[in-house]
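What you see is a predicted model; the values in this text were computed from it and never measured.
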There are 2 protein chains.
Amino acid sequence: MTAERVMDKAAGQAMGQATATARARGIDRVIALMEHLHRLRAPARIADIARDTGTPRSTVYELVNTLVEARWLETRDEDGTVFFGPAMHYYGSDYLNSVDLIRKARREVNHLAEVIGETAQFCMLDGNKYLVVLNEPGRRMFRISSDIGIKVPIPWTASGRLLVDHMGPDEIRAFIPEEDFTLPDGRRIVEEEFLRDMAAAREAGYVRTTGLVDRFTTCMAAPVRDTQGRCIATICFVVPADTDADEQNAMIEALKDSAGKLSMAR
Amino acid sequence: MTAERVMDKAAGQAMGQATATARARGIDRVIALMEHLHRLRAPARIADIARDTGTPRSTVYELVNTLVEARWLETRDEDGTVFFGPAMHYYGSDYLNSVDLIRKARREVNHLAEVIGETAQFCMLDGNKYLVVLNEPGRRMFRISSDIGIKVPIPWTASGRLLVDHMGPDEIRAFIPEEDFTLPDGRRIVEEEFLRDMAAAREAGYVRTTGLVDRFTTCMAAPVRDTQGRCIATICFVVPADTDADEQNAMIEALKDSAGKLSMAR
DNA sequence: AGCAGAAATCCGATATTTCGGACATTGATC
DNA sequence: GATCAATGTCCGAAATATCGGATTTCTGCT
């Protein structure tokens, strides 16, 4: 109820910039600032931060100084831009280590990426969106970093078809926003198709999709289930669509294996 | 200059708790709070946070609410403790990906931990202290998490002997605080010994120490050097002291190999 | 050199947040 | 069931951090 004072939540969804109105707490401004950098995924100049977050310039300067001193932010290059600093990594590591499932998942994801050599990920739901929690790039050169912590519509992903496993058609309709069935390129995912994929995935114990978000990419995912059999996360590979079929099958086996271990674990 | 208002810096070194005096900015209180959780490396109850950071109780409640809402913190279990939340992981990942050397180092550390099966680390200096930046546990059960982002006296570590490589005896004396030559168990590292280790390490291209911080642990480290040949980081293994000699030699070769790649890279 | 525009700093006033302490709630112990 | 302790909420007042705008410094360009 406090942060909303600064950001108009209604305006949220779209390109995340807030129009500040009144005077706000330092904390709320800092939260907006960090969130902005995260969405940007790149260093930003202070003036731009001020504009894009709707924070008065003098305030941003003041806060950035404080944050740089605390190593939450770092001044980059000599171009006067700032980005996240080492403290965030330390705190983030503490978080990862404190969550049992994620700590174990890290092992599996690293192992998969190392042995198979393709990009492996660990994904979960965050509200009604899909989220990459862990990402370990394979040996390929490109696609170095992925979108850790960036929310994506559930129907855009292979894993999404597993993560809503336990819901009936009506529940899903209520849960996933209408507009999320439209892909970035404008194509539309028919609901029946989605439900069919889902049922097939539950049956087979894995799911594979090609050319969803990106035409030339194939995703394969296996479900991590809790003791009640509910899918609480997925492990997946992201590979070029032209990857050899046998290799893909090997990957799926590896995924099922890893996902199985994590399902046991908790 | 702002954060100091809250924390008495002189009191620092010891058990990190500050005695708040005057009214402080929310930001400064939050920084103290996060730093406290990081040192603690465990969830804490709000009342304890208030006591240990010297922040008024009502203020902590207020701030924690804001931070939980932003996912910077998370309420754990049902015992009312709080700890870092997922947002810290996302911001931390952004940081890691934004620093070239660290991003590359992550590959190497993961690879080493996977292939050799022992805990691998990537370390750097932070001021006049040694710091584990990346840690990847091996296949052994114990010693799951390490002290990422926790400052350690340079002489306590194998890597430390490489990281001050470029300094002369006088520089080192000026750089490393006197008291840092005393190990946690009270033993004292003679300066000549340290300098000898250093010279030998530079000569050999790696360093190995046993029973420094912990009697039953051996550390092996290889230097990552910049274009001027200066040691800017190290890669290392942390293994039980009774590890087979041949295995240790193989590890050292693997370390030199990885460190060499990173030295090339930048 | 000189100029224009942007980046960064400075400063005082006021709207606001922090803080203390009182009050409510929960839970454990005897 | 009563007592004590710990946890969490609420509220008004006072201290002060945020903000606007003016000033200064920097940078690139003609």
Side-chain angles (χ1 to χ4, degrees), chain A residues 1-8 17-34 36-37 40 42-70 72-83, chain B residues 1-8 17-34 36-37 40 42-70 72-83:
Chain A
M1 205 208 275
T2 57
E4 276 65 10
R5 196 179 324 173
V6 179
M7 289 234 211
D8 182 19
Q17 94 257 34
T19 20
T21 3
R23 177 181 172 136
R25 294 197 303 177
I27 282 275
D28 292 334
R29 304 245 95 132
V30 169
I31 289 173
L33 190 162
M34 304 291 264
H36 178 66
L37 284 182
L40 218 55
R45 287 181 320 200
I46 296 183
D48 294 338
I49 294 173
R51 179 172 31 72
D52 296 338
T53 62
T55 306
R57 275 160 32 105
S58 54
T59 304
V60 179
Y61 277 107
E62 163 72 26
L63 294 175
V64 166
N65 281 339
T66 303
L67 296 176
V68 166
E69 210 174 329
W72 289 27
L73 295 181
E74 224 175 47
T75 306
R76 290 303 164 91
D77 314 313
E78 303 307 330
D79 62 357
T81 60
V82 296
F83 201 54
Chain B
M1 205 205 278
T2 55
E4 276 65 10
R5 198 178 323 175
V6 179
M7 287 234 211
D8 183 18
Q17 93 260 35
T19 20
T21 3
R23 177 184 169 132
R25 295 198 301 178
I27 282 276
D28 292 333
R29 305 246 96 131
V30 169
I31 290 173
L33 189 162
M34 303 292 264
H36 177 66
L37 284 181
L40 219 54
R45 287 179 319 195
I46 297 183
D48 293 338
I49 294 173
R51 179 172 30 73
D52 296 339
T53 63
T55 306
R57 268 164 27 105
S58 53
T59 304
V60 179
Y61 277 106
E62 162 72 24
L63 294 175
V64 166
N65 281 339
T66 303
L67 296 176
V68 166
E69 210 175 326
W72 288 27
L73 296 181
E74 225 174 47
T75 305
R76 291 302 165 92
D77 316 311
E78 303 307 330
D79 62 357
T81 61
V82 296
F83 201 54

Open item on the list: I want to check one thing: is the phosphate of C/dC19, taken as OP1 and OP2, less than 4.0 Å away from some side-chain N or O of B/Arg29?
Closed with: yes

Write down the protein N/O and nucleotide N/O pairs, taken from nucleotides 12-14 of chain C, whose separation is under 3.5 Å; answer none if there are no such pairs.
none

- [ ] Rounded off to whole Å, could you give me the CD1-to-P distance for the B/Ile27 and D/dT16 pair?
- [x] 17 Å

Task: Distance, rounded to the nearest Å, where A/Arg45 contributes CZ and C/dA6 contributes P - done: 10 Å

Task: Rounded distance (Å) that lies between atom P of D/dA17 and atom CG of A/Asn65 - done: 15 Å

TODO: Establish whether the base of D/dG8 is bridged to the side chain of B/Arg57 by a donor-acceptor pair shorter than 3.5 Å.
DONE: yes

Open item on the list: Let me spell it out: for each of B/Thr59 and A/Gly80, pick the nucleotide of DNA chain C with the closest heavy atom. Which residue's pick is nearer the 5' end?
Closed with: A/Gly80

Task: Where A/Ala32 and A/Thr53 come nearest, the two heavy atoms and their spacing - done: O-CG2, 4.1 Å

Task: Among D/dT7, C/dC19, D/dC19, the nucleotide that comes nearest once only the side chain of B/Pro56 is considered - done: C/dC19

TODO: Starting at atom CD1 of A/Ile49, determine the distance to atom C1' of C/dA7, rounded to an integer number of angstrom.
DONE: 13 Å

Open item on the list: Heavy atoms from C-beta onward define the side chain here; which of D/dG20, C/dA8, C/dC19 lies closest to that of B/Ser58?
Closed with: C/dC19

Task: Side-chain heavy-atom pair A/Leu33, A/Thr55 within 4.5 angstrom cut-off - done: no

Open item on the list: Is any side-chain heavy atom of A/Leu73 closer than 4.5 Å to one of A/Leu37?
Closed with: yes

Task: Whole-Å gap separating C1' (D/dA17) and CG (A/Leu67) - done: 15 Å

Task: 4.5 Å side-chain heavy-atom contact, B/Trp72 and A/Val30 - done: yes

Task: Atom-to-atom span, CD of B/Glu62 to P of D/dA17 - whole angstrom - done: 16 Å

TODO: Measure the shortest side-chain to side-chain distance between B/Asp48 and B/His36 over non-hydrogen atoms and say whether it is less than 4.5 angstrom.
DONE: no

TODO: Could you walk me through whether A/Ile31 and B/Glu69 pass side chain to side chain contact (heavy atoms under 4.5 Å, CB included), step by step?
DONE: CA-CA 10 Å; A/Ile31 289 173; B/Glu69 210 175 326; over 6 Å; no

Task: Value in whole Å for how far the C1' atom of D/dC19 lies from CG of A/Asp28 - done: 15 Å

Open item on the list: Evaluate B/Arg29 against B/Glu62 for salt bridge (charged side-chain N to carboxylate O under 4.0 Å, His left out), listing each step before the verdict.
Closed with: CA-CA 11 Å; B/Arg29 305 246 96 131; B/Glu62 162 72 24; over 6 Å; no

Task: D/dT18 OP1/OP2 closer than 4.0 Å to side-chain N/O of B/Arg25 - done: yes

Task: Comparing A/Gly26 and A/Asp48 on DNA chain C - which has the more 5′ nearest nucleotide - done: A/Asp48

Open item on the list: Whole angstroms only, please: what is the OH-C1' distance between A/Tyr61 and C/dA8?
Closed with: 5 Å

